[in-house]
Amino acid sequence: MPPTASTDDILGPLTPAQREAVQHVDGPLLILAGPGSGKTRVITHRVAHLLSRPVAARHILALTFTNKAADEMRLRLDRLAPHQPVWVGTFHRFCSRMLRMHAPLVGLSENFSIYDTENSRKVIAQTMEEAGVADSHFTPDQIARSISWAKNHLIDHNTYTAAPGSPVGAAVARVFPLYQKRLLASSAVDFDDLLVHTAVLLRENPELRARMDERYRYIMVDEYQDTNLAQYLIVRSMSVDWPNLAVTGDPDQSIYGWRGANLKNILDFEHDFPKVKVVRLEQNYRSTGNILLVADSLIAHNKRRKQKRLLTDKAEGPPVRLVAYPSHRDEAEHIASQIADEVTAKCRRPRDFAIFYRVNALSRSLEDALRAQGLPYQIVRGVEFYQRQEIKDVLAYLQLLNNPRDDVALRRIINVPRRNIGKTTLQRLNAHARRHELTLLDAARESGLIETIPKRAAVSVAAFVALYDRLRLVVHESVETILGHVLHETGYRKWLAQSDSEADNDRLANVEELIAAAREFDQKNPAPGALEAFLEQTCLVNDADDWDSEIDRVTMMTMHAAKGLEFPVVYIVALEEGILPHSRSRDSSDKLEEERRLLFVGITRAEEQLQLSFAKYRPYRGALCPTIPSEFLPELPRDRMEWHEPSSSVAVEVRGTGEGVDELPPDAADYIESDDGDSPQRREGVRTRDVGRYGNAAQSASAAGRRTAGASSAVVTAAQLQSGDPVATKKVSPEVFHHAMVVVHPEYGAGRIVALSGEGERRTATVEFFGSRGQKKFRLAFSPLRPVRSPG
DNA sequence: ATTCGCAAAGTTTTT
DNA sequence: CTTTGCGAAT
């Protein structure tokens with residue numbers, strides 16, 4: 001019997017309200033948890049409490065929306081009740097797992113592919129052509145959105161009927177059934193299907209439903225306010241015979257309505273489950289009184305909500321600042337200089353600060369300003385890594401190996417790298433496939449027999465098929481092995497390595513990173529069927545999951561990404577009409593309320609200090625345009641806030657405050673030049689635009705640095721792969737590394753560890769390489785990093 | 001068949 | 001201003 005936490009460990013650290021929720025065992029439970037009220041703690045402690053009853057771990061299911069939340073929960077649960085096989089994960093992952101087991105029931109094969117938005121849009125574009133609506137004025141994107149909307153409301157392709165007189169609807173009505181048919185033919189699902197298929201599965205197979213209900217007797221759902229209809233039905237149908245559904249959420253933090261989330265789910269929970277126990281967690285342990293006051297006044301303007309107070313024992317703290325800047329540049333520069341000041345004065349570290357914005361595009365000027373101050377920063381962005389061409393190319397190979405019917409994957413790679421199989425040939429293959437109801441791969445196998453295809457092309461296609469079959473032979477090996485074969489046999493690696501273009505060298509580096517991820521995955525999942533599991537992970541993961549709070553950097557992200565996080569000091573920028581609230585939200589009051597909640601979420605991330613700001617001028621489509629302050633501003637308690645309206649010379653006032661920070665402080669000359677936005681200094685610096693994964697300019701610099709050695713290092717790595725990976729054999733135990741230790745990396749040279757995080761295989765070191773070569777993160781268990789005796 | 005260049009268009013949030 | 005798409009030229 002594994003060790004479990006004692007009752008004291010479980011209940012001891014809790015407040016009475018929290019304890020009430022944790023001790024509730026049977027019957028439905030609704031936990032209305034305000035921001036910073038210790039919600040995650042309640043969930044994990046409740047699971048631990050259930051385990052101590054004892055409820056078998058296999059009967060407990062904890063569902064979250066993001067991997068980040070799931071990881072966090074798992075980690076904290078492991079501390080209370082180590083190694084318990086409680087199923088903790090995201091909805092999508094849970095559904096995917098369930099579908100794999102019962103795929104035939106919904107017409108799929110077990111090895112189905114999961115299409116991300118890009119893939120699904122490709123299918124839609126194609127079906128639009130087939131349906132003859134291609135040249136209507138609708139974009140695949142619009143159609144995709146409508147289909148997604150329908151799916152979120154559980155309207156299937158047979159039931160969908162266009163609203164009379166709606167041209168979009170008419171187009172969708174034509175495309176939707178075809179789209180669904182094509183997905184099924186390719187044995188593929190899109191993100192929405194994962195949920196929808198599962199909901200249908202449970203609805204139409206009563207005995208399966210009963211089994212699931214019985215299996216998952218205690219279900220917990222985090223962020224319940226973000227569930228959509230499908231998720232609601234899934235959870236409900238598994239809580240009939242065992243109605244022990246516990247949900248936590250905060251209606252005021254529902255910000256995913258655009259994704260089909262239905263606020264009614266939480267607002268009507270008490271109605272759906274009579275005799276429900278309701279616990280309100282209104283005590284906030286995060287923010288100062290002043291911050292909560294602002295949050296409270298703002299959210300009070302929403303009509304559709306459950307009345308709720310926010311209480312804190314904390315001090316009032318400094319007043320929340322509201323600043324009207326002349327322009328976006330003043331805004332960015334002033335914020336950067338304030339941060340630099342506090343860092344220089346040693347009262348705070350960079351990682352104490354976060355800057356939130358409504359849209360990713362706004363990060364630009366902030367980046368520039370932080371860089372000018374020499375402040376380290378990281379940008380948390382949605383997808384990024386797995387969205388890159390090269391990664392998707394390589395993954396498409398794996399996808400096709402796993403699921404030969406995956407036409408989208410085949411299209412993507414049949415001519416990558418170049419194999420002289422052009423658009424025309426593909427078109428003819430496709431026509432043939434359509435005519436005989438074949439998959440593209442099967443059509444390709446017959447290419448020699450298709451009259452329309454010239455001999456030369458047929459030979460190329462045959463070579464591709466042969467290549468595919470060769471790769472199939474290793475499909476049961478470890479993911480790393482499969483990847484190695486793919487990169488080698490397809491010539492993909494060689495293709496990138498021989499290229500002179502800088503972009504390709506960066507791509508190669510990314511591919512290497514994918515290999516590292518595969519290696520890590522193999523170590524964790526030595527079981528067979530690794531490929532499929534790996535693919536699933538890569539589809540359902542996003543980069544924000546990798547965000548690392550340990551690293552000492554200023555964090556920039558959208559307010560959506562900020563949910564669930566907290567920072568001592570928060571800046572929220574661009575409170576302007578059209579941005580926050582966003583222009584696309586203006587038409588309906590529901591959407592406007594969601595924007596208000598979004599700001600509420602942003603505000604309540606702050607622990608000690610908060611600044612809200614807007615700029616009087618901001619560039620829009622290239623031109624600097626006057627702005628209108630956000631309509632939310634008058635809703636704030638201005639008399640309790642600090643109001644600033646700096647004149648346009650902010651930049652001059654703050655000049656030279658970068659002293660003592662990592663990089664050179666900008667001198668006056670720098671400042672004057674950087675004022676025109678196009679100075680030589682700027683241009684010679686490395687652009688930080690697509691460094692989301694690495695986080696900042698310094699790391700992009702390291703990417704640039706390895707360019708010179710790019711080709712040769714790639715060859716070395718390929719050789720390593722074949723010779724049984726000498727890197728792995730030289731491994732040093734992750735525990736020997738410590739903060740500030742000097743280490744050496746075979747490729748990047750020497751550097752110093754500036755941050756450590758994670759444990760075991762996830763233990764990660766951030767290394768600052770000497771000579772301004774930049775920083776890079778390493779998973780210690782898998783990196784070739786070696787300690788060096790400190791000089792002196 | 002690929003690459004380059006120019007023109008137009010479009011800017012939300014993400015599993 | 002940036003990115004994407006398309007068309008023309010090699």
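Computed from a prediction, not measured in an experiment: that's the story for all the values here. First the proteins, then the strands, lettered A, B, ... as listed; each starts at 1.
Checked by atom type, the side-chain pair A/Lys151/A/Gln180 shows a donor-acceptor distance below 3.5 Å. Side-chain atoms of A/Thr64 and A/Asp222 include no donor-acceptor pair closer than 3.5 Å.
Between the CG atom of A/Leu565 and the P atom of B/dT13 there is a distance of 17 Å, given to the nearest Å. Regarding A/His92, its NE2 atom lies at a distance of 9 Å from the C1' atom of B/dT14, rounded to whole Å. Between A/Phe191 atom CZ and B/dT14 atom C1' the separation is 8 Å, expressed in whole Å. If you measure from atom CG of A/Asp141 to atom C1' of B/dT14, you get 13 Å, rounded to the nearest angstrom. Atom CZ in A/Arg145 sits roughly 13 Å away from atom C1' in B/dT14 (whole-Å rounding). Straight-line distance from the CD atom of A/Glu367 to the P atom of C/dT2: 13 Å, rounded to whole Å. Taking atom CD of A/Glu577 as the reference point, atom P of B/dT12 lies 17 Å away to the nearest angstrom. Whole-Å rounding puts the A/Asn67 CG to B/dT14 P distance at 14 Å.
Within the 4.0 Å cut-off from OP1 or OP2 of B/dT12, not a single side-chain nitrogen or oxygen of A/Asn360 is found. OP1 or OP2 of C/dC1 has not a single side-chain nitrogen or oxygen of A/Arg364 nearer than 4.0 Å.
Residue side chain A/Arg259 does not reach the base of B/dT13 through any donor-acceptor N/O pair under 3.5 Å, judged by distance alone. Under 3.5 Å, the side chain of A/Trp258 and the base of B/dT12 form no donor-acceptor pair of N or O atoms.
Listed candidates were C/dT2, B/dT12, B/dT13. Nearest to the side chain of A/Arg584 is B/dT12.
Ring-plane geometry between A/Phe191 and A/His92 is classed as perpendicular, the angle between the planes exceeding 60 degrees on a 0 to 90 degree scale with a lower cut at 30.
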Scoring nucleotides 1-7 of chain B by protein non-hydrogen atoms under 4.0 Å (B base, S sugar-phosphate only, - none) yields SSS----
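Both A/Asp192 and A/Tyr620 lie near DNA chain B, and the one whose nearest nucleotide falls closer to the 5' end is A/Tyr620.
A salt bridge links A/Glu536 to A/Arg100: at least one charged side-chain nitrogen sits closer than 4.0 Å to a carboxylate oxygen. One finds a salt bridge joining A/Lys122 and A/Glu118 here, because a Lys/Arg side-chain nitrogen approaches an Asp/Glu carboxylate oxygen to under 4.0 Å.
In terms of the side-chain hydrogen bond (donor to acceptor under 3.5 Å, both in side chains) criterion, residue partners of A/Glu595 (sequence neighbours excluded) are, by chain and number, A/Arg358, A/Ser585. Evaluation of the ring pair (Phe, Tyr, Trp, His ring centres under 6.0 Å) rule for A/His560 yields A/Tyr256, A/Trp258 as partners, not counting sequence neighbours.
With centroids closer than 5.5 Å and planes inclined by less than 30 degrees as the test, A/His582 and the base of B/dT12 pass as a stacked pair.
Backbone-only engagement by A/Phe65 is indicated by non-hydrogen atom pairs under 4.0 Å involving sugar-phosphate atoms exclusively.
For the P atoms, the distance from C/dG5 to B/dT12 is 15 Å, rounded to whole Å.
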